[in-house]
Amino acid sequence: MADNDSVIAAARGWAGARMALATVVSTWGSAPRPRGSHLLVHEDGRFEGSVSGGCVEADIMAVAAEVIAGAPFALRRYGVADAAAWEVGLPCGGEIEVMVQPVAAEGFDPALFDAIAAARGEGRALEVATDLTTGRSSAEPLPGAFINRYEPPRRLLIVGAVQIAQVLAGLARELGIATVVIDPRGRFLTSERFPGVTLDDRWPDEAIAALRPDGATAVVTLSHDPKIDDPALIAALNGGAGYVAALGSRRSHAARRERLAAELTTDQIDRIEGPAGIDIGAVGPAEIALSIAAGMVRALHDPR
């Protein structure tokens, strides 16, 4: 899954300017960026995004300048075996193929950026097909085309405004995951403790139902209070959240499973990651938050 949020925002902000869009269409080996990753180049030289983490960007931007000036779309392949591998290549050992097309009706229609943003705003994915023989993209199916799937934006709903939640919210921000902290306890839920984070003081089941979690949404319960956590878990699993986790020991999770059996099926309960996160031997709030963030990222990249 490629993260193209900043590219989509930049394209809409630069509407009306001449631009070129570079896209990773194939990868082999240890490629630094996944298929579908974008680099957007403005006619004045500004750019947003990445197709290789810096290895071939300079060459791609030179090709983009030619496309902006009127040259046809282009396909470029880069790898360690290139003659200029250490100058323009991928010393990491992978290979990528990158398409550079004009942001125009005959290439990547600017209206597609609005369509992608609209779909993501509604919590649904959108697929864009690109004919690699013509360089034209469309939201309509094209036989034999390269398909780039734009997933809904990733979200994290944290239930329980505790210390672990403070760290986890910060990690999510760095990962580009929009976060909401939910807690009906006003003393816990303050802007001083969670600066720049969306706060929701409704009861968790009500808040989660209103926020409509989807496959790109993680719900993590941290309050240690069954009156708060259990309704949140029920709402998250009934709502189709992509990752559901609950803080607590194995013993407390066994008790949780017994309580939830009256409301959920065994398959639903099995979807709860409990104890929350990847086992890294975490000690203290920061390390526990890191383990939860890792479990969340793993699950959202590889949904069950």
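Atom set for the values below is all heavy atoms of this structure, side chains included, hydrogens, waters and symmetry mates excluded.
Looking at heavy atoms from C-beta onward, R298 lies in side-chain contact with I278 at the 4.5 angstrom threshold. The closest side-chain heavy-atom distance from L142 to R136 is below 4.5 Å. Residues S52 and S37 fail the side-chain proximity criterion, which asks for heavy atoms closer than 4.5 Å. Using a 4.5 Å cut-off on side-chain heavy atoms (C-beta onward), V25 and R35 make no contact. Here the side chains of I60 and V98 are in contact, with some heavy-atom distance below 4.5 Å. A 4.5 Å side-chain heavy-atom check between F113 and L21 finds at least one atom pair inside the cut-off. Side-chain contact check for T130 versus Q101: some heavy-atom pair is nearer than 4.5 Å. With a 4.5 Å cut-off on side-chain heavy atoms, P213 and I208 count as touching.
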Passes side chain to side chain donor-acceptor pair (under 3.5 Å), R256 versus H253? Steps please. CA-CA 5 Å; R256 179 186 296 120; H253 187 58; 2.7 Å; yes
Can Q268 and N238 be said to form a side chain to side chain donor-acceptor pair (under 3.5 Å), step by step? CA-CA 8 Å; Q268 286 179 306; N238 284 333; 3.1 Å; yes
Verdict with reasoning, R33 to E57, per salt bridge (charged side-chain N to carboxylate O under 4.0 Å, His left out): CA-CA 12 Å; R33 293 283 285 150; E57 262 71 6; over 6 Å; no
Would you please test V180 and I158 for side chain to side chain contact (heavy atoms under 4.5 Å, CB included) and show each step? CA-CA 6 Å; V180 179; I158 302 174; over 6 Å; no
With side chain to side chain contact (heavy atoms under 4.5 Å, CB included) as the test, would you mind laying out the steps for S26 and I96 before giving the verdict? CA-CA 6 Å; S26 296; I96 60 173; over 6 Å; no
For L247 and V220, run side chain to side chain contact (heavy atoms under 4.5 Å, CB included): C-alpha distance rounded to whole Å, both residues' side-chain angles, the deciding distance at 0.1 Å, then the answer. CA-CA 8 Å; L247 188 67; V220 178; over 6 Å; no
Does I182 form a side chain to side chain contact (heavy atoms under 4.5 Å, CB included) with R202? I'd like the steps, not just the answer. CA-CA 7 Å; I182 303 166; R202 290 177 287 186; 5.7 Å; no
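To the nearest 0.5 angstrom, H301 atom NE2 is 10.0 Å from M296 atom CE. Note: L126 CG to N148 CG = 10.0 Å, rounded to the nearest 0.5 Å. Here T190 contributes atom OG1 and E192 contributes atom CD; the two are 5.0 Å apart, rounded to the nearest 0.5 Å. For the atom pair CG of L300 and OH of Y243, the computed distance is 9.0 Å after rounding to the nearest 0.5 Å. Within the model, atoms CD1 of I292 and CG of L222 stand 5.0 Å from one another, a figure rounded to the nearest 0.5 Å. Here the straight-line distance linking atom CG of L237 with atom CG of D270 works out to 10.5 Å at 0.5 Å rounding.
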Under 3.5 Å donor-acceptor pairs involving side-chain atoms of residues 165-175, not counting sequence neighbours:
{"residue": "Q166", "atom": "OE1", "partner": "R193", "partner atom": "NH2", "Å": "3.4"}
{"residue": "Q166", "atom": "NE2", "partner": "R193", "partner atom": "O", "Å": "3.0"}

Return all side-chain donor-acceptor pairs below 3.5 angstrom for residues 227-236, not counting sequence neighbours, or 'none' if the list is empty.
{"residue": "K227", "atom": "NZ", "partner": "D225", "partner atom": "OD1", "Å": "3.2"}
{"residue": "K227", "atom": "NZ", "partner": "D225", "partner atom": "OD2", "Å": "3.3"}
{"residue": "D229", "atom": "OD1", "partner": "S223", "partner atom": "N", "Å": "3.3"}
{"residue": "D229", "atom": "OD1", "partner": "S223", "partner atom": "OG", "Å": "2.7"}
{"residue": "D229", "atom": "OD2", "partner": "S223", "partner atom": "OG", "Å": "3.4"}
{"residue": "D229", "atom": "OD2", "partner": "H224", "partner atom": "N", "Å": "3.0"}
{"residue": "D230", "atom": "OD1", "partner": "R259", "partner atom": "NH2", "Å": "3.1"}
{"residue": "D230", "atom": "OD2", "partner": "R259", "partner atom": "NE", "Å": "2.6"}
{"residue": "D230", "atom": "OD2", "partner": "R259", "partner atom": "NH2", "Å": "3.4"}

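Scanning both residues, L199 and S191, for their nearest heavy atoms gives CD1-N, 3.7 Å. In terms of heavy atoms, A276 sits closest to A245 at CB-CB, 3.7 Å. Listed here is the closest heavy atom pair of G123 and P152: O-CG, 3.5 Å. In plain terms, the two heavy atoms of I177 and T179 that are nearest each other are O-OG1, 3.2 Å. Nearest heavy atom pair, residue V24 against residue F146, reads O-CZ, 3.7 Å. Taking every heavy atom of both residues into account, G49 and V7 meet most closely at CA-CG2, 3.6 Å.
Electrostatic pairing of R77 and E95 counts as a salt bridge here, judged by a charged N lying under 4.0 Å from a carboxylate O. Note on E151 versus R124: no salt bridge recorded, every NZ/NE/NH1/NH2 to OD/OE distance being 4.0 Å or above.
Evaluated for a side-chain hydrogen bond (donor to acceptor under 3.5 Å, both in side chains) with T217, the options R212, R155, R154 yield exactly one hit, R155.
One hydrophobic cluster, built from ILVMFWY side chains closer than 4.5 Å, holds both L157 and W203. Clustering ILVMFWY residues whenever any of their side-chain heavy atoms sit less than 4.5 angstrom apart, transitively, puts V56 in a cluster other than the one holding M99. Residues F73 and L40 are members of separate hydrophobic clusters, defined by side-chain heavy-atom contacts under 4.5 angstrom among Ile, Leu, Val, Met, Phe, Trp and Tyr. Hydrophobic clustering (ILVMFWY, side-chain heavy atoms < 4.5 Å, transitive): V103 and V128 are in one cluster. Under the 4.5 Å side-chain contact rule for hydrophobic residues, L189 and L211 do not share a cluster.
Atom CD of Q163 has 12 or fewer neighbouring heavy atoms from other residues, nucleotides or ligands inside a 6.0 Å radius. Enclosure of atom CZ in F47 is not indicated, since only 12 or fewer non-hydrogen atoms of other residues, nucleotides or ligands lie within 6.0 angstrom.
Listed by first and then second residue, the side-chain hydrogen bond (donor to acceptor under 3.5 Å, both in side chains) pairs involving residues 107-121 are D5-R120, R12-D114 (not counting sequence neighbours).
N4 places a side-chain N or O within donor-acceptor distance of the main-chain N or O of G36, the cut-off being under 3.5 Å.
Under 3.5 Å, the side chains of D131 and T133 contain a donor-acceptor pair of N or O atoms.
Taking the six-membered ring where the residue is Trp, Y150 and H38 present parallel rings, their angle staying beneath 30° rather than reaching 60°.
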